[in-house]
Amino acid sequence: MFIRTEDLTHIYMPGTPFAAAALQGVSLNLPRGGFAALIGPSGSGKSTLIQHLNGLLRPTGGRVIVDGRVVGADRGETLRLRRRIGLVFQLPEEQFFAETLFDEVAFAPRNLGLAPGAVAERVREAVEQVGLDYAAFKNRSPFQLSAGQKRLAAIAAVLSLRPEALILDEPAAGLDQAGQQKLFRLLKSLNAGAGLTILVVTHHLEQIAPLVDTILVLNKGRLVMSGSPAQVFSRGEELRGLGLALPPVSEIMHGLARTGCPVNPAVFSLEEARREITFWRREACGP
Ligand SMILES: Nc1ncnc2c1ncn2[C@@H]1O[C@H](COP(=O)(O)OP(=O)(O)O)[C@@H](O)[C@H]1O
Ligand SMILES: [Mg+2]
């Protein structure tokens with residue numbers, strides 16, 4: 001297993017009247033090359049969890065194991081880990097500081113002490129990886145890009161470290177439908193093409209479900225579900241109980257199943273829904 005947590009617990013401000021358990025006994029597995037979505041109501045611990053996966057936060061209890069090594073055991077190791085597991089924060093553009101896209105993306109490789117030629121090569125590679133035209137964008141101010149381009153630039157800044165895994169905290173938040181689609185397609189291509197292991201925190205279930213192999217559901221700091229999208233969506237009532245909206249296709253399939261039409265309620269893509277409905281319409285649905 002590439003990334004693993006064992007009984008991970010995190011308490012903010014322990015030993016004070018403000019002590020809050022943000023994670024309680026979370027054990028999960030992310031295989032190398034996998035693509036997983038992490039969902040859960042607001043305040044369920046998603047952001048806290050992902051900051052443990054590259055050693056930014058230290059567990060109050062339990063442990064995180066990456067590639068067979070316990071995270072946090074060794075300082076030098078933890079610094080290397082931050083390069084191997086790239087973390088894209090929520091609203092990453094709020095942390096832009098450079099005058100040009102080039103300098104923004106070059107920040108991390110320069111910090112590695114690489115020669116200018118090697119830095120430039122990494123910047124070009126990362127900018128092209130996210131689908132931005134290097135020549136057209138390298139001298140532009142990152143502050144003057146569109147919302148979607150800013151997100152792509154922030155992802156390029158992390159990719160410039162050539163990480164093995166990419167973890168993103170609500171990367172599609174605030175983007176329009178087209179921007180969201182573009183972003184999720186990029187994640188799929190980084191996963192399928194470049195082989196990056198990806199974990200994405202998102203509530204855009206409709207777009208993400210057909211792309212990922214695993215969905216993890218957090219509630220009140222506990223991992224309450226984990227499985228393939230079909231497995232998770234078959235528990236639609238529970239998801240709804242957590243205040244999580246199902247993809248519209250899933251809602252319809254659950255609704256049909258509730259009213260006696262024997263369709264498979266775990267179906268969440270339009271294509272599968274069409275197959276289910278055309279099959280059952282002949283059998284049992286019609287009056
Ligand atoms: N820096 C912090 N100090 C104290 N409590 C925090 C801090 N960050 C998050 N929390 C609390 O931990 C819980 C989980 O938060 P978070 O991981 O941000 O959840 P999510 O990302 O799912 O919205 C919430 O109750 C939140 O208020
Ligand atoms: Mg969060």
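For the single chain, residues carry numbers from 1 onward in sequence order. For ligands, and for the atoms within them, numbers begin at 1 and follow the listed sequence.
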Which atoms of ligand 1 are found less than 4.0 Å from any heavy atom of [X]?
X	value
Met13	4 (C)
Ser44	19 (O), 20 (P), 22 (O)
Ser42	23 (O)
Ala22	12 (O), 13 (C), 14 (C)

Determine whether any heavy atom of [X] lies closer than 4.0 Å to an atom of ligand 1.
X	value
Gly45	yes
Pro41	yes
Ala20	no

(request) Would you confirm whether Gln231, through its side chain, and Ser228, through its main-chain N or O, come within 3.5 Å as a donor-acceptor pair? (result)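 It does hold such a pair.
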Answer with yes or no whether the side chains of [Y] and [X] bring together a donor and an acceptor at under 3.5 Å.
X	Y	answer
Tyr12	Thr60	no
Ser27	Asp7	no
Glu272	Ser269	yes

For [atom], what's the nearest protein heavy atom and its distance?
atom	value
atom 17 (O) of ligand 1	Thr48 OG1, 2.5 Å
atom 9 (C) of ligand 1	Tyr12 CE1, 3.4 Å
atom 23 (O) of ligand 1	Gly43 N, 2.7 Å

(request) Rounded to the nearest 0.5 Å, what's the gap from CZ on Arg4 to CG on Leu53? Could you check? (result)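 The distance works out to 13.0 Å.
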(message) Please check if the number of heavy atoms outside Tyr134 that lie under 6.0 Å from its OH is greater than 12.
(response)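 Above 12, so yes.
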(request) State whether the shortest distance between N or O atoms of Lys46 and N or O atoms of ligand 1 falls below 3.5 angstrom. (result)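 For ligand 1, there is an N or O atom that lies under 3.5 Å from one belonging to Lys46.
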(message) Using 30° and 60° as the class boundaries, would you call the ring planes of Phe107 and Phe97 parallel, tilted or perpendicular?
(response)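 Because their plane-to-plane angle is over 60°, the rings of Phe107 and Phe97 count as perpendicular.
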(request) Have a look at Gln180 and tell me which of Arg185, His204, Arg151 forms a side chain to side chain donor-acceptor pair (under 3.5 Å) with it. (result)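 Exactly one candidate clears the test, His204.
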(request) May I ask you to check whether Ser47 brings an N, O or S atom to under 2.8 Å from the Mg ion (ligand 2)? (result)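 Coordinating: yes.
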(request) Look at atom 21 (O) of ligand 1 and say whether a protein heavy atom is found at less than 4.0 angstrom from it. (result)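 Yes, there is a protein heavy atom closer to it than 4.0 Å.
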(message) Would you say atom 6 (C) of ligand 1 makes contact with the protein, given that contact here means a non-hydrogen protein atom less than 4.0 Å away?
(response)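 Yes, at least one protein heavy atom sits under 4.0 Å from atom 6 (C) of ligand 1.
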(request) Record the part of Ser47 in heavy-atom contact with ligand 1 below 4.0 Å; permitted values are side chain, backbone, both and neither. (result)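 Both backbone and side chain.
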(request) Evaluate ring-ring contact (aromatic ring centres under 6.0 Å, His included) for Phe137 paired with Phe102, printing each intermediate quantity in order. (result) CA-CA 8 Å; Phe137 279 89; Phe102 185 94; over 10 Å; no
(request) Answer yes or no: is there an ion pair linking Glu237 with Arg258, defined by an N-O contact shorter than 4.0 Å? (result)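 Yes, this pair counts.
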